[in-house]
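In what follows, a structure is listed as structure tokens, so that the remarks can point back to it.
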There are 2 protein chains.
Amino acid sequence: MRLSTKAQYAVRAMVSLALLYEEGKPVSIKDIAKKEDLSLNYLEQLFAMLRRNQIVKSVRGPGGGYVLARDACDIRVDEIIDSVEETLVPVSCMEKNGECGCFEKCVTRNIWQGLGERIRNFLASITLEELIQEARKKMTTHEKLSVGKA
Amino acid sequence: MRLSTKAQYAVRAMVSLALLYEEGKPVSIKDIAKKEDLSLNYLEQLFAMLRRNQIVKSVRGPGGGYVLARDACDIRVDEIIDSVEETLVPVSCMEKNGECGCFEKCVTRNIWQGLGERIRNFLASITLEELIQEARKKMTTHEKLSVGKA
DNA sequence: ATCATACCTGAGTATTTTTGTCAATTATTC
DNA sequence: GAATAATTGACAAAAATACTCAGGTATGAT
């Protein structure tokens, strides 16, 4: 029962994007890669998926980069994960919108369905905005501790 | 976000075990393998793990097999899954009982922790007994439909 | 005793999924 | 038209998963 690193990276990258963003200026993937210490090429793939799912918008050319497609308070964590990972449903036979055809036999079906719903609901209850605020809070307390590091 | 087939098999096998059980007579792994259409050898591995975790008891020799180690109403689904799969925690850095050391930086930590708790709580809220009763219910309605099949 | 049954163990393998890398292209700004 | 940065698709390494196999060990029945 593991979330892929892909999904974890995507969420972290989205927080980074939001934090690095300053009015009107797109954030390059390079900056995010540096901040999060991730492979540039790999991040590119993730952002391509995020873009296709309308989580971010891209701006090409010099000075370009990525921007949130909507307000942070309107982006839910489950949407971010959906963009890069196929599914939050815990078992594969339930993929195609609920009907695996084994209804009569399958005793455990209800469990997995219930579990999938809990996971979905929980991740849908958290917005990017909340993560950003938490991040800012942690940053300030952390900065107090590491003053004069450089 | 997938549960391993291992975990799925284990839960199904436990239901099978409980359904096949008749007073005093252990159920052989072979019967379960047949009923669930799983590899005998693979099931053996799973039951070895279930035994080590005191979910089932084994009886060796002819006429032997496996028996529930406790009442079905006292066996929770999360225990079954724990026995065969390492973890219900969604990200690896949180393995060792919660402390990954990246507390200050890690903005997403709270999400994964919360998610892990939801998953755990949900699976802990279901007992084997409940699954058995549901299975019996489905069996009777299903039998009505497939009368005279053989 | 010995034989058949059925659990028990650990090593090994094949498959799939995940996690990336690389090379080449396209769009945009200066 | 040169530099920048997103965009794409193919490919590859590595890890996890899902098994198989070849033995062993305990027990009951004859």
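What's counted below: heavy atoms across the whole structure, side chains too, no hydrogens, waters or symmetry copies. A, B, ... follow the sequence lines: proteins, then strands. Residue 1 opens every chain.
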Practice item. Round to a whole Å and report the spacing from CD of A:Gln8 to C1' of C:dG20. Key: 15 Å

Exercise for review: Go through residues 19-29 of chain B and report each residue with a non-hydrogen atom lying under 4.0 Å from DNA chain D, sorted by number.
Suggested key: none

**Study point:** By side chain to side chain contact (heavy atoms under 4.5 Å, CB included) - contacts of B:Ala7 (at least two apart)
**Key:** B:Leu3, B:Ser4, B:Ile81, B:Val84, B:Glu85

Revision key, fill the gap. Residues at least two apart in sequence or cross-chain that pass side-chain hydrogen bond (donor to acceptor under 3.5 Å, both in side chains) with A:Ser83, listed by chain then number, are none

Exercise for review: With heavy atoms under 4.0 Å as the rule, sort B:Phe47 into base, sugar-phosphate or nothing.
Suggested key: nothing

Point to revise | Qualifying ring pair (Phe, Tyr, Trp, His ring centres under 6.0 Å) pairs, either residue in residues 69-88 of chain B, two or more places apart | key: none

Practice item. Produce a footprint string for nucleotides 12-22 of chain D: one letter per nucleotide, 5' end first; B if the base is under 4.0 Å from any protein heavy atom, S if only the sugar-phosphate is, - if neither. Key: ------SBBB-

Study note, to complete from the structure: Under a 4.0 Å heavy-atom cutoff, the residues of residues 48-62 of chain B touching DNA chain C are B:Arg51, B:Arg52, B:Ser58, B:Val59, B:Arg60, B:Gly61, B:Pro62

Review point. For A:Asp74, which residues count as a side chain to side chain contact (heavy atoms under 4.5 Å, CB included) partner, sequence neighbours excluded?
Key: A:Arg70, A:Asp71

Exercise for review: Search all heavy atoms of B:Thr127 against all heavy atoms of B:Ala72 and return the closest pair with its distance.
Suggested key: CB-O, 4.0 Å

Practice item. Would you confirm whether A:Arg2, through its side chain, and B:Met1, through its main-chain N or O, come within 3.5 Å as a donor-acceptor pair? Key: no

Check your understanding: To the nearest Å, how far apart are B:Leu46 CG and C:dT9 C1'?
Key -> 14 Å

Review point. B:Tyr21: what forms a side chain to side chain contact (heavy atoms under 4.5 Å, CB included) with it, not counting sequence neighbours?
Key: B:Glu23, B:Val27, B:Val67

Practice item. Go through the structure and list residues passing side-chain hydrogen bond (donor to acceptor under 3.5 Å, both in side chains) with B:Glu129, not counting sequence neighbours. Key: B:Gln133

Distance-only check: which donor-acceptor pairs under 3.5 Å involve side-chain atoms of residues 41-61 of chain B, not counting sequence neighbours?
from: B:Asn53; atom 1: ND2; to: B:Met49; atom 2: O; distance (Å): 2.9

Point to revise | Atom-to-atom span, CG of A:Leu43 to P of C:dT21 - whole angstrom | key: 10 Å

Check your understanding: What pairs with A:Lys25 under side chain to side chain contact (heavy atoms under 4.5 Å, CB included), at least two apart in sequence or on another chain?
Key -> none

Check your understanding: Taking NZ from A:Lys30 and P from D:dT7, how many angstroms apart are they, rounded to a whole number?
Key -> 15 Å

Review point. Who pairs with B:Asp78 by side-chain hydrogen bond (donor to acceptor under 3.5 Å, both in side chains), at least two apart in sequence or on another chain?
Key: B:Arg76, B:Arg120

